[in-house]
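The next block holds one structure in the form of structure tokens; read it before the comments.
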Amino acid sequence: WIEKRADMPKEMRDGYRYCRKCNKMEHSPEFQRSLQKCSRCKSAWYCSRECQVGDWKAHKPFCRAVTSKASKVMRFNEQSVHDFI
């Protein structure tokens, strides 16, 4: 997914959200607010439940890697605080 990002049109890279599955993107505030993000990693956006389900197989490895790294950092930080006290 990250590799494909360089091939995207400039407006897709400039902070506008778009559906990760179908690449649908509109500049309207209504569309931007209607997109739903992955509840696990919070980094992928989808225009519909169908797109989210259809993309899960491709998104799952990235999602799991991001969330497992984040949880390790959180546990490390919590342990560091306890060690400091």
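Please read these numbers as outputs of a predicted model, since none were measured by experiment.
- Between Tyr16 and His27, the closest side-chain pair of non-hydrogen atoms falls below 4.5 Å.
- Counting only heavy atoms from C-beta outward, the side chains of Gln52 and Trp45 never approach each other to under 4.5 Å.
- Atom SG of Cys47 is separated from atom CE of Met25 by 13.0 Å, given to the nearest 0.5 angstrom.
- Listed by first and then second residue, the salt bridge (Lys or Arg N to Asp or Glu O under 4.0 Å) pairs involving residues 38-61 are Arg20-Asp55 (not counting sequence neighbours).
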Enumerate donor-acceptor pairs with a distance under 3.5 Å from any side-chain N or O in residues 32-39 to protein atoms, sequence neighbours excluded.
unit_1	atom_1	unit_2	atom_2	d
Gln32	OE1	Arg17	N	2.8
Gln32	NE2	Arg17	O	3.0
Gln32	NE2	Glu26	O	2.7
Ser34	OG	Phe31	O	2.8

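- The shortest heavy-atom contact between His59 and Ala44 is CE1-CB, 3.5 Å.
- For the pair Trp56 and Cys63, the minimum side-chain heavy-atom distance is below 4.5 Å.
- To the nearest 0.5 Å, atoms SG (Cys41) and CZ (Phe62) are separated by 5.5 Å.
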